[in-house]
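Report on the following structure.
A quick note: this is a predicted structure, and the numbers were derived from the prediction, not measured.
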Amino acid sequence: MKIKFNYKNSLEYLYSTVSLMLIFCLLSLIEIFKNFEIQLFLYKLLDDFFTGIFIGLLFFPLYVVLKQVKNSLGIMVIRFLFSIIALIQLGLIGYSLTTHINLGADLLGYSWSDMYTTVTASLSLSFLLFLPFIILPIVYLGLNRLLQQYGPKANAKIILVVVLLSCSLNFLVASNQKPISQNKLNFLLSDIIRAKNDQAFANEGSMTFKKEFPLEEASENTKDVLAPFFTINKNNPNIVFIIVEGLGSDFTDDGDYKGFTPYLDSLTEKSLYWENFVSNSGRTFGALPSLMGSLPFGENGFMELNPLPKHNSLISFLKSNGYATSYYCGDESTFDRKSTFLEYNGIDKIIDINKFGPGYTKTKANSGGFSWGYPDAEIYRKTLSELKDNKQPRLDIIMTLTNHEPFDFPSKNIYLEKVERILKTKSYFEKNKLKEYKDIFACLLYTDSSIKNFMETYSKRPDYANTIFIITGDHRLIPVPQKDNLSRFHVPFYIYSPLLKKTAKFKSISSHSDVTPSLVSFLTNNYKFNKPEKTTWISKGLDTVREFRNIHNIALMRYKGSISDYIYKDYFYSDGALFKIDENFNVSETDNDMTEKVSSSFNDFKKLNSYVTKKNKITKIASSFKKPTYEFTTEELSIIKKLTKGLDPDHIFFLARDLAFKKEREKARLLCNYILNELPNYGDVRTLKGRTLAWDGDYKNAEIELQEVIRRTPYYGDSYLALMDVYWWSGQNKKAIDIGKKALGNQINDPELGYKLAQAYKRMNNFKESNKTIDSLTARSPENKEYSNFKKSLKK
């Protein structure tokens with residue numbers, strides 16, 4: 001085919017590209033309108049034009065080819081694609097305005113279901129939310145129309161402008177621009193490329209290492225720095241971790257947004273308190289592996305590694321020394337694969353959103369029907385209700401969630417009034433800076449108050465005197481602007497206990513990954529613990545020097561897939577730039593001969609991180625090593641890959657259900673096992689698996705699976721119904737009655753369940769209990785006519 005193409009008929013493509021550039025510029029103006037800076041705006045305009053030119057050149061061959069197929073097809077497809085690109089840019093700017101960071105390689109670190117959960121939690125669905133996404137394509141097409149109408153009179157000028165803007169590329173490359181000035185789409189793509197290059201670089205050096213297990217050290221090498229501060233009792237102490245969602249140091253003590261955590265501020269004088277402390281990650285996914293295991297990151301966070309490499313943790317260490325270990329949260333513990341990590345380490349009990357039951361109130365759902373789960377005060381109340389008064393020492397890990405978008409919680413108006421009273425005490429400048437974030441500060445007050453009430457209630461327990469409390473933030477909350485990249489990781493760290501014989505404030509830098517090494521050293525040196533011969537921590541332990549210093553090399557994963565921040569001595573290396581850290585934890589950019597040394601040390605860490613996680617070389621022996629629940633043969637993996645291509649867990653479940661109904665039950669169970677390796681609390685999936693086993697007459701294994709559903713999700717009604725069916729079909733009427741009574745005891749009101757229970761009583765000729773069951777269900781829901789119909793059927 002002979003391609004006929006000339007300058008005149010290419011103008012439509014030029015107009016489309018220039019229109020996209022203008023849309024980028026318009027969105028940049030909207031983005032920074034509130035805090036307008038002319039220099040920043042000029043930088044953004046240059047990058048917007050460069051990004052537009054790049055996109056124009058990238059899609060031009062597609063336009064040429066399509067134009068040969070049909071003259072109008074090329075420009076129609078290009079305008080559609082450019083409209084989509086404009087909408088993506090709008091979405092990325094919305095994300096940036098909400099989180100104060102650009103979306104980058106972290107996009108690759110989350111599953112679609114995790115991203116959906118996070119986004120729906122942050123948004124309140126309304127027509128106004130979608131209105132900009134309707135208007136923007138119209139504006140883009142309108143600009144196209146205007147250029148077509150008036151462009152022919154100024155073609156030479158348009159081409160000249162495009163050429164001049166192309167020349168700006170050299171300036172951009174040399175300008176050492178910051179992410180804030182980058183076009184959002186440009187940043188997203190360049191950050192993904194950077195992350196992939198970093199991973200490739202780390203992998204190159206991870207094939208071999210000087211030592212097969214480079215983290216392995218004699219346990220004596222971790223100094224016991226905590227003993228001088230504690231009274232040592234003969235009984236092993238309880239340890240309670242409170243990991244507070246979004247609690248950054250900017251909001252506590254003398255931080256930039258101080259005044260909204262009065263109780264925590266009071267603890268600084270009563271605790272061991274580290275002023276210059278950091279989380280090892282910028283989101284929640286990194287808190288448990290760092291705090292509980294002093295573990296490396298892998299590519300997208302340690303908990304995303306599948307299967308998990310062999311490792312030890314504080315959980316497995318304490319469990320092997322006779323501790324009862326428990327984890328408490330108000331959301332779904334499978335989010336970020338937390339439950340996989342906890343179960344690997346042998347946790348005894350996980351209390352999450354599935355195990356609260358009646359009497360507890362969830363956070364109000366947003367307009368899209370989403371709620372993260374139970375607010376902080378309810379999490380603490382549930383924790384206290386679960387604690388047993390026995391002599392067995394305990395490790396209790398509590399993770400909160402209220403201090404997170406959408407920042408909603410019970411009695412919010414009361415706390416908003418408190419915020420108003422606090423703002424009245426602030427200067428005019430502070431008041432203006434803070435008033436935009438009233439919801440968040442109200443949330444901080446609620447979070448702080450909830451901790452206070454928990455601690456006061458706990459202090460009345462007989463075991464309070466022998467308990468060590470560790471309180472920290474998982475990372476700094478995102479929506480309130482941060483002064484620099486380091487502040488994203490700056491979190492308070494308190495060790496509070498009646499066992500403390502003296503308190504102290506430390507200016508020395510430490511991190512989450514230093515906590516477990518120091519606790520294990522403290523416990524093994526002062527109590528009756530089995531001392532590990534070797535340790536495999538990524539860090540050396542807490543620094544208790546009161547003066548400002550740093551003896552650690554601390555890698556920081558800002559978000560999944562991005563290890564781009566590093567603390568080395570009193571330097572902070574971030575996005576390729578070197579900063580000096582002062583004793584108040586402020587940073588200032590510096591340019592000296594340390595850059596190469598810090599960069600080299602950082603690269604060494606990346607290679608180590610890649611080697612130990614990819615090669616499973618963290619440790620030889622894990623004290624509580626658990627293999628994945630289900631392992632698959634090569635043939636099974638091939639079947640799974642073929643069946644699940646492009647499907648998320650929910651759609652895989654629907655597929656498994658369809659296969660089960662078509663009597664392809666082996667395949668259905670294979671898909672169920674595949675999902676359960678990732679989401680062990682997915683009640684529908686495990687119940688389906690149990691039902692298929694029962695349909696095949698394997699009542700024993702069906703019972704095991706369904707009892708496991710009930711253990712994990714005791715308020716999920718369908719599992720009780722399925723188990724009653726199993727007992728019914730296998731002639732175990734007494735067990736059917738017991739499980740039905742248990743369901744009703746958990747206040748699961750289901751007409752079918754009540755009917756089955758009544759029928760089970762009838763089978764055993766216990767008509768009195770059969771009628772009583774239906775009567776009790778009728779009393780609970782008198783408007784439900786089905787119950788009276790059940791009773792009539794029993795009389796027949």
Side-chain angles (χ1 to χ4, degrees), residues 324 326 328 332-333 339 343 348-362 373-374 378 381-383 385-388 676 680-695 698-782 784 786-787 790-791 794:
S326 303
Y328 303 88
E332 177 55 74
S333 62
S339 60
E343 291 184 12
D348 292 318
K349 182 167 62 176
I350 294 176
I351 302 294
D352 67 358
I353 191 171
N354 301 296
K355 291 188 177 178
F356 273 67
Y360 295 90
T361 305
K362 279 185 183 179
Y374 293 91
E378 298 290 76
R381 190 159 70 91
K382 181 65 175 176
T383 301
S385 75
E386 293 284 330
L387 300 182
K388 306 300 180 190
L676 291 171
N681 291 341
Y682 201 146
D684 284 325
V685 173
R686 203 180 291 274
T687 300
L688 173 64
K689 182 184 174 185
R691 284 192 181 278
T692 65
L693 289 165
W695 294 339
D698 188 355
Y699 298 127
K700 181 180 177 182
N701 284 313
E703 180 184 3
I704 291 170
E705 289 293 342
L706 294 169
Q707 287 285 13
E708 181 67 6
V709 186
I710 291 169
R711 184 184 74 80
R712 289 177 175 275
T713 54
Y715 303 97
Y716 172 65
D718 198 44
S719 58
Y720 292 93
L721 287 166
L723 190 53
M724 286 188 77
D725 280 338
V726 169
Y727 291 143
W728 184 281
W729 297 333
S730 59
Q732 301 179 75
N733 295 324
K734 177 66 169 62
K735 281 190 172 183
I737 288 170
D738 289 342
I739 202 66
K741 287 167 68 177
K742 183 176 181 179
L744 294 179
N746 284 345
Q747 296 189 23
I748 298 171
N749 292 328
D750 188 310
E752 189 179 350
L753 193 148
Y755 174 73
K756 284 182 185 293
L757 181 59
Q759 286 284 34
Y761 278 125
K762 182 183 177 183
R763 263 194 184 186
M764 299 183 72
N765 296 319
N766 191 339
F767 296 102
K768 181 181 177 182
E769 288 298 328
S770 182
N771 280 290
K772 190 190 291 185
T773 300
I774 296 300
D775 287 342
S776 66
L777 290 169
T778 304
R780 290 183 187 183
S781 304
N784 194 325
E786 289 188 60
Y787 294 139
F790 292 155
K791 195 165 184 178
L794 288 171

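Note that CD of Gln707 and CD1 of Ile739 are 5.0 Å apart. Values are rounded to the nearest 0.5 Å. We find the CD1-CE distance between Ile737 and Met724 to be 8.0 Å, quoted to the nearest 0.5 Å. Distance check, rounded to the nearest 0.5 Å: CD1 of Ile710 to OH of Tyr720 gives 5.0 Å.
Sequence neighbours left out, the pairs with a member in residues 349-361 that pass salt bridge (charged side-chain N to carboxylate O under 4.0 Å, His left out) are Lys349-Glu386.
Heavy-atom minimum distance, Leu706 versus Ser719: CD2-O, 4.4 Å.
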Requested in this report: Step by step, work out the side chain to side chain contact (heavy atoms under 4.5 Å, CB included) result for Ile704 and Leu693.
Outcome: CA-CA 10 Å; Ile704 291 170; Leu693 289 165; over 6 Å; no
Query raised in the report: Checking side chain to side chain contact (heavy atoms under 4.5 Å, CB included) for the pair Tyr716/Asn354: CA distance, chi angles, key distance, verdict?
Result: CA-CA 8 Å; Tyr716 172 65; Asn354 301 296; over 6 Å; no
Report task. Output, in order, the C-alpha distance, side-chain angles, deciding distance and verdict of side chain to side chain contact (heavy atoms under 4.5 Å, CB included) for Leu688 and Glu705. Result -> CA-CA 9 Å; Leu688 173 64; Glu705 289 293 342; over 6 Å; no
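With sequence neighbours left out, Arg712 forms a side-chain hydrogen bond (donor to acceptor under 3.5 Å, both in side chains) with Glu343, Asn681, Glu708. Partners of Ala694 by side chain to side chain contact (heavy atoms under 4.5 Å, CB included), not counting sequence neighbours, listed by chain and number: Tyr699, Ala702, Val726, Trp729. Partners of Phe356 by ring-ring contact (aromatic ring centres under 6.0 Å, His included), not counting sequence neighbours, listed by chain and number: Tyr360, Tyr374. Partners of Asn701 under the side-chain hydrogen bond (donor to acceptor under 3.5 Å, both in side chains) rule, at least two apart in sequence or in another chain, are Asp698. With sequence neighbours excluded, the residues satisfying side chain to side chain contact (heavy atoms under 4.5 Å, CB included) with Gln732 are Tyr727, Ser730, Lys735.
No side-chain heavy atom of Asp684 sits less than 4.5 Å from a side-chain heavy atom of Thr687. Within the 4.5 Å cutoff, side-chain heavy atoms of Pro680 are placed close to those of Arg686.
One N or O on the side chain of Ser385 and one on the backbone of Lys382 form a donor-acceptor pair closer than 3.5 Å.
The pair Lys742-Asp738 fails the salt-bridge criterion, with no side-chain N (NZ, NE, NH1 or NH2) lying under 4.0 Å from an Asp/Glu carboxylate O.
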